[in-house]
Amino acid sequence: MEAVRINTPIAVMFVAYATLMLFIGFYFYRQNKSSEDYFLGGRSMGPVVSALSAGASDMSGWLLMGLPGALYISGFIDSYIAIGLTIGASLNWIFVAKRLRIYTSVVADSLTIPDYFETRFSDDKHILRVVCAVVILIFFTFYVSSGLVSGAKLFEEVFGIKYSYALTTGTLIIVAYTFFGGYKAVCWTDMIQGLLMLSALVILPLVMLSHIGGLSEAKKYISLSDDSSKKIVEIQGQIPSILSNLQSTESQEKIQSLIAALKNTQDRNISAANLDKNLKNDTQILMLFNQDLNSLITSSDLAKRLELAVETNDSETLTSLLLAFSKIPFAAKERLQWLSGVSLISIISALAWGIGYFGQPHILVRFMSIRSTKDVSKATFIGISWMIICLAASCSIGVLGIAYINKFNLTLADPERIFIMMSQLLFNPWIAGILLSAILAAIMSTASSQLLVSSSTIAEDFYKKIFKQEASSAMVLRLGKIGVLIVALIAFVISTDKDSSVLSIVAYAWAGFGASFGSVMIFSLFWSRMTRIGAIAGMISGAAVVVLWKQFFGYTGIYEIIPGFLIASLAIVIFSLMSDVRPGTKDAYQKMLKNL
């Protein structure tokens with residue numbers, strides 16, 4: 001049901017959208033006269049373009065697929081991620097944007113984030129530049145890979161083509177306009193994509209709500225599903241006693257109650273993903289999943305199988321199904337609650353996503369490229385307004401999807417495809433093609449921005465600054481384009497595994513950048529006493545703690561960005577106080593303050 005049928009209107013809209021993006025890339029191809037044009041658009045981006053570009057490059061396909069899917073599964077509890085992101089983005093625009101723009105243009109002409117860190121701390125040995133470049137290339141290569149995987153799955157879902165063909169098509173489109181157009185092309189396409197994403201996200205939940213019958217009707221079906229899930233968990237714990245006297249009236253009534261509850265949780269899927277390893281070869285479990293533990297079973301499917309076994313008086317099948325289901329983890333839901341059933345650690349971890357904004361290179365570079373510091377206030381208002389509307393609408397799609405699926409007795413195997421499914425069901429193919437292009441827009445905007453930052457790291461931070469300082473602007477420009485191809489090729493190879501855990505990679509990279517770069521960025525802009533040694537210690541310790549925490553302490557439920565950011569901040573303070581500020585560093589810092 002969630003697969004979009006291949007038809008001419010949808011295909012035409014996808015091709016038209018991709019063609020427009022490529023046209024923009026070729027248009028700006030002839031306007032790139034220098035490496036500053038290619039990497040920062042000549043610092044000529046206005047507030048609207050800067051704000052929408054920052055938002056679009058930030059959100060990626062997560063906004064239209066990941067977040068609605070999370071809300072569909074867990075409800076309002078996962079909206080704390082959106083709240084944390086909104087707070088983090090707001091603070092980033094308010095406190096970081098203007099200072100970073102001044103320092104990277106007025107105080108020192110910096111084209112990249114590693115460039116800024118090196119000039120800020122007078123690092124003549126290039127240690128900070130090398131550490132930054134390594135972190136960027138490692139995390140962004142995987143980050144780009146996650147975008148390519150998402151794009152490939154979208155093409156695969158929409159057009160029914162093989163994953164390898166879908167991956168190749170999406171990669172070529174993204175690489176082409178990044179390679180030819182550079183930063184201006186990326187920013188202008190991001191602006192268009194940001195507007196497309198906004199339109200799609202606002203329109204879809206309104207139409208969904210109309211079809212459902214209003215908020216009260218939506219609340220009724222969501223509550224019914226959640227109440228039924230509690231009933232299922234209750235009866236699941238009674239299955240041993242039910243089987244001990246299967247033919248009794250009480251047991252039969254409980255089985256009928258279980259069947260009714262399963263029918264009312266049309267949105268729930270039963271999976272063997274979290275099953276204990278010792279049960280992987282369990283006979284009843286294998287029978288429940290039809291010998292394929294990678295498959296999903298909807299609650300309604302299990303209800304039908306139980307109902308058939310009861311009607312045909314097949315006690316053996318009934319017993320096997322009940323035994324298997326008693327071993328499957330099935331959680332009760334309260335998806336309309338904000339606090340019930342969630343720990344304080346979970347809320348803090350979700351809100352902590354906002355910390356990551358201070359260290360995302362592809363977002364920070366938007367601050368560096370804005371036309372003037374006078375445009376920052378306007379860009380802040382536009383950017384945060386866009387973000388609040390988009391995040392609220394995205395959350396609404398996930399929650400309303402629960403009601404829609406249950407009311408109209410539909411099935412959805414993958415919650416992250418709720419946007420795709422609703423676009424197909426509620427709109428004619430021409431409009432659906434536009435809405436589905438919004439997903440492609442989100443994916444393309446982020447992947448292209450990350451490719452550009454990665455290529456600038458290779459060309460500016462490695463080649464020109466370390467190996468050949470006298471390199472011409474034209475040579476750096478050519479090498480930057482080659483860098484786009486190199487990073488894209490490595491990301492492409494990684495992306496060939498369609499089962500890659502995209503969301504976990506994104507969360508991991510977000511934490512890595514937030515802890516290592518974010519801590520250093522904040523202290524560098526607000527503490528004149530910070531030293532080169534402190535910056536190096538903070539950056540390395542932040543990245544290291546994220547890696548180690550994820551590997552050895554992930555079971556605590558604490559998002560790794562929290563300990564990473566705290567340890568990095570502590571390291572910055574301690575090592576800065578233990579070392580001297582380099583000559584000229586404080587003067588440059590005071591120059592920035594005077595220009596505020």
side-chain hydrogen bond (donor to acceptor under 3.5 Å, both in side chains) partners for D301, two or more places apart | T298
How would you list, by chain and number, every residue that makes a salt bridge (Lys or Arg N to Asp or Glu O under 4.0 Å) with R335, sequence neighbours excluded?
-> D226, D267
Side-chain heavy-atom pair W386, L195 within 4.5 angstrom cut-off = no
Please name all residues satisfying side-chain contact (heavy atoms from CB on, under 4.5 Å) with Q284, sequence neighbours left out, ordered by chain then number.
-> D282, S320, L323, A324, K327
Side-chain heavy atoms of L321 within contact of L288, under 4.5 Å | yes
How far apart are the C-alpha atoms of E217 and K220, what are their side-chain angles, what is the distance that settles it, and do they pass the salt bridge (charged side-chain N to carboxylate O under 4.0 Å, His left out) test?
-> CA-CA 5 Å; E217 192 75 358; K220 182 183 79 173; 3.3 Å; yes
Check the surroundings of atom CD in E311: do more than 12 heavy atoms from other residues, nucleotides or ligands lie under 6.0 Å from it?
-> yes
Polar side-chain atom of S423 near backbone of A432 as donor-acceptor pair, under 3.5 Å = no
Would you say S385's side chain and I382's backbone share a donor-acceptor pair under 3.5 angstrom?
-> no
Is the shortest heavy-atom distance from the side chain of L489 to the side chain of T171 under 4.5 Å?
-> no
Can you name the nearest heavy-atom pair linking I212 to L400, along with the distance?
-> CD1-O, 3.5 Å
The single option from Y559, Y357, F358, F140 that satisfies ring pair (Phe, Tyr, Trp, His ring centres under 6.0 Å) with W510 is Y357
Can you check whether I239's main-chain N or O pairs, donor with acceptor, with K254's side chain at less than 3.5 Å?
-> no
Decide if atom CG of L548 counts as having more than 12 heavy atoms of other residues, nucleotides or ligands within a radius under 6.0 Å.
-> yes
Between the side chain of T169 and the main-chain N/O of Y165, is any donor-acceptor distance below 3.5 Å?
-> yes
Using a 4.5 Å cut-off on heavy atoms from C-beta on, say whether the side chain of Y163 contacts that of L167.
-> yes
Give the C-alpha distance, both sets of side-chain angles, the deciding distance and a yes or no for side chain to side chain contact (heavy atoms under 4.5 Å, CB included) between F427 and L435.
-> CA-CA 9 Å; F427 298 93; L435 295 177; 3.3 Å; yes
Below 4.5 Å, heavy atoms only, C-beta onward: do L215 and L209 meet side chain to side chain?
-> yes
Test side-chain hydrogen bond (donor to acceptor under 3.5 Å, both in side chains) applied to S299 - qualifying residues, sequence neighbours left out | T265
For the side chain of S229 and the backbone of K333, is there at least one donor-acceptor N/O pair under 3.5 Å apart?
-> yes
Would you say T86's side chain and A82's backbone share a donor-acceptor pair under 3.5 angstrom?
-> yes
Considering only heavy atoms from C-beta outward, does the side chain of L64 approach that of S394 to under 4.5 Å?
-> no
Would a 4.5 Å heavy-atom cut-off, applied to side chains only, mark S223 and L336 as touching?
-> yes
Using a cut-off of 6.0 Å, state whether more than 12 heavy atoms not belonging to K219 lie near its atom NZ.
-> no
side-chain hydrogen bond (donor to acceptor under 3.5 Å, both in side chains) with Q236: which residues, sequence neighbours excluded?
-> none
Crowding at CD, E250 (>12 non-hydrogen neighbours, <6.0 Å) = no
Quick one: are W549 and I562 in side-chain contact, heavy atoms under 4.5 Å?
-> no
For residues 392-418, which residue pairs qualify under ring-ring contact (aromatic ring centres under 6.0 Å, His included), counting only residues two or more places apart or in two chains?
-> Y404-F408
